Amino acid sequence: MIHKTAIIDKSVILDESVEIGPYAVIEKNVKIEKNVYIGPYVHIKGNTTIGENTFIGTGAVIGEMPQVLGLRENIGNLYIGKNNIIREYVTIHTSTSKDNTTFIGDNNYLMGFSHIAHDCKLSNNIVICNGTLIAGHVIIEDKAFLSGNVVVHQFVRIGRLSMV
């Protein structure tokens, strides 16, 4: 089901089981696997792949260009694994180069208004609560839990089973 007001570039690779809500915009170079739900007003762009059974809530911006001074075009990559829940108004940026990838593993829960910057690597079964901001080049290992309104500086590693 694709809402009649959604705008989808002809080059997008889209499984027939994907559901896309009203006023969603999906730009070129995006691949979306089976059983993905994309809510209203979601914007997906960049070289982005979204794995199966992922939920993307209202107003999320996925695959935006990194917030890096001097970067003039969105040349990086974003990979989102399967069974992720990405709630309302979450932002996730692509990597800063075509040779790297911002990576979100499987079974993660990113709550509303959280942000994942460029070149981050998130493993599996992670919870990131509302308003949490993850700067560039951060690594978060399996089953970490980041509470609400946490700010993580760039180049930090958060270990397996950590609570912040």
Side-chain angles (χ1 to χ4, degrees), residues 15 17-19 21 24 26 29-69 71 74-164:
D15 186 88
S17 64
V18 172
E19 185 176 341
I26 304 174
N29 300 324
V30 172
K31 178 183 178 187
I32 303 174
E33 296 178 356
K34 65 182 180 179
N35 299 320
V36 171
Y37 171 82
I38 298 168
Y41 300 100
V42 170
H43 196 151
I44 304 173
K45 56 200 315 188
N47 299 315
T48 298
T49 299
I50 300 172
E52 62 186 57
N53 302 316
T54 292
F55 172 94
I56 302 175
T58 301
V61 178
I62 309 297
E64 182 60 80
M65 185 168 83
Q67 296 174 344
V68 175
L69 291 172
L71 198 59
N74 196 354
I75 59 170
N77 304 293
L78 169 61
Y79 175 83
I80 298 172
K82 61 185 178 183
N83 304 316
N84 288 290
I85 299 172
I86 300 169
R87 292 299 305 261
E88 59 278 3
Y89 304 103
V90 167
T91 55
I92 306 173
H93 290 175
T94 60
S95 59
T96 53
S97 74
K98 63 183 175 183
D99 299 326
N100 202 0
T101 300
T102 300
F103 182 89
I104 311 291
D106 301 332
N107 305 305
N108 296 300
Y109 189 18
L110 284 72
M111 294 185 190
F113 297 93
S114 58
H115 171 71
I116 309 298
H118 60 86
D119 302 289
C120 286
K121 306 284 187 236
L122 276 65
S123 293
N124 305 308
N125 302 297
I126 296 166
V127 175
I128 297 179
C129 293
N130 298 71
T132 292
L133 308 174
I134 310 298
H137 303 276
V138 169
I139 297 170
I140 304 177
E141 296 177 352
D142 289 342
K143 298 183 181 180
F145 184 99
L146 282 73
S147 193
N149 295 314
V150 168
V151 178
V152 179
H153 194 278
Q154 61 192 12
F155 297 102
V156 167
R157 176 187 293 265
I158 297 174
R160 185 177 185 274
L161 295 169
S162 293
M163 291 190 73
V164 180

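These numbers were taken from a predicted model, which means no experiment stands behind them.
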Could you tabulate the donor-acceptor pairs under 3.5 Å formed by side-chain atoms of residues 146-164, not counting sequence neighbours?
from	atom 1	to	atom 2	distance (Å)
Arg157	NH1	Glu141	OE2	2.5
Ser162	OG	Gly159	N	3.4
Ser162	OG	Gly159	O	2.8

Side-chain polar contacts of residues 86-93 - donor-acceptor pairs under 3.5 angstrom, sequence neighbours left out - could you list them?
from	atom 1	to	atom 2	distance (Å)
Thr91	OG1	His115	ND1	2.6

side-chain hydrogen bond (donor to acceptor under 3.5 Å, both in side chains) assessment of Asn108 paired with Asn84 = CA-CA 5 Å; Asn108 296 300; Asn84 288 290; 3.2 Å; yes
Any chance you could lay out the side chain to side chain contact (heavy atoms under 4.5 Å, CB included) test for Asp15 and Glu33, step after step, and finish with the verdict?
-> CA-CA 5 Å; Asp15 186 88; Glu33 296 178 356; 5.6 Å; no
Dump the intermediate steps for side chain to side chain contact (heavy atoms under 4.5 Å, CB included) on Thr49 and Lys31, then the final yes or no.
-> CA-CA 5 Å; Thr49 299; Lys31 178 183 178 187; 4.1 Å; yes
Please report the C-alpha distance between Asp99 and Ser97 in whole Å, then the side-chain angles of each, then the deciding distance to 0.1 Å, and finally whether the side-chain hydrogen bond (donor to acceptor under 3.5 Å, both in side chains) criterion is met.
-> CA-CA 5 Å; Asp99 299 326; Ser97 74; 4.9 Å; no
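We find the OG1-CD1 distance between Thr96 and Ile75 to be 7.5 Å, quoted to the nearest 0.5 Å. To the nearest 0.5 Å, atoms CG (Leu110) and CG (Leu122) are separated by 6.5 Å. Separation of atoms CD (Gln67) and NE2 (His118) is listed at 8.0 Å; rounding is to 0.5 Å. From Leu78, atom CG reaches atom OG1 of Thr102 across 6.0 Å, with rounding to the nearest 0.5 Å. With values rounded to the nearest 0.5 angstrom, Ile56 atom CD1 is found 5.0 Å from Ile62 atom CD1. The CG atom of Asn53 sits 5.0 Å away from atom CG of Asn83, with the distance rounded to the nearest 0.5 Å.
A pairwise comparison of heavy atoms in Ile140 and Ile128 identifies CD1-CD1, 4.2 Å as the closest pair. Nearest heavy atom pair, residue Pro66 against residue Ser95, reads CG-O, 3.5 Å. The shortest non-hydrogen separation linking Asn130 to Met111 is OD1-SD, 3.2 Å. Contact detail for Cys120 and Ala135: the closest heavy-atom pair is SG-O, 3.1 Å. Nearest heavy-atom pair across Thr54 and Gly51 is OG1-O, 3.0 Å. Heavy atoms only, all atoms of each residue included: Ala117 and Gly136 are closest at CB-N, 3.4 Å.
Applying the ring pair (Phe, Tyr, Trp, His ring centres under 6.0 Å) test to residues at least two apart or on different chains, the pairs with a partner in residues 35-67 are Tyr23-Tyr41, Tyr37-Phe55.
One N or O on the side chain of Asn124 and one on the backbone of Asp106 form a donor-acceptor pair closer than 3.5 Å.
Lys121 and Asn100 are linked by a side-chain donor-acceptor pair at a separation below 3.5 angstrom, with hydrogens and angles left out of the test.
Residue Thr94 forms a side-chain hydrogen bond (donor to acceptor under 3.5 Å, both in side chains) with just one option from Asn29, Asn47, Asn74, Thr48, and that option is Asn74.
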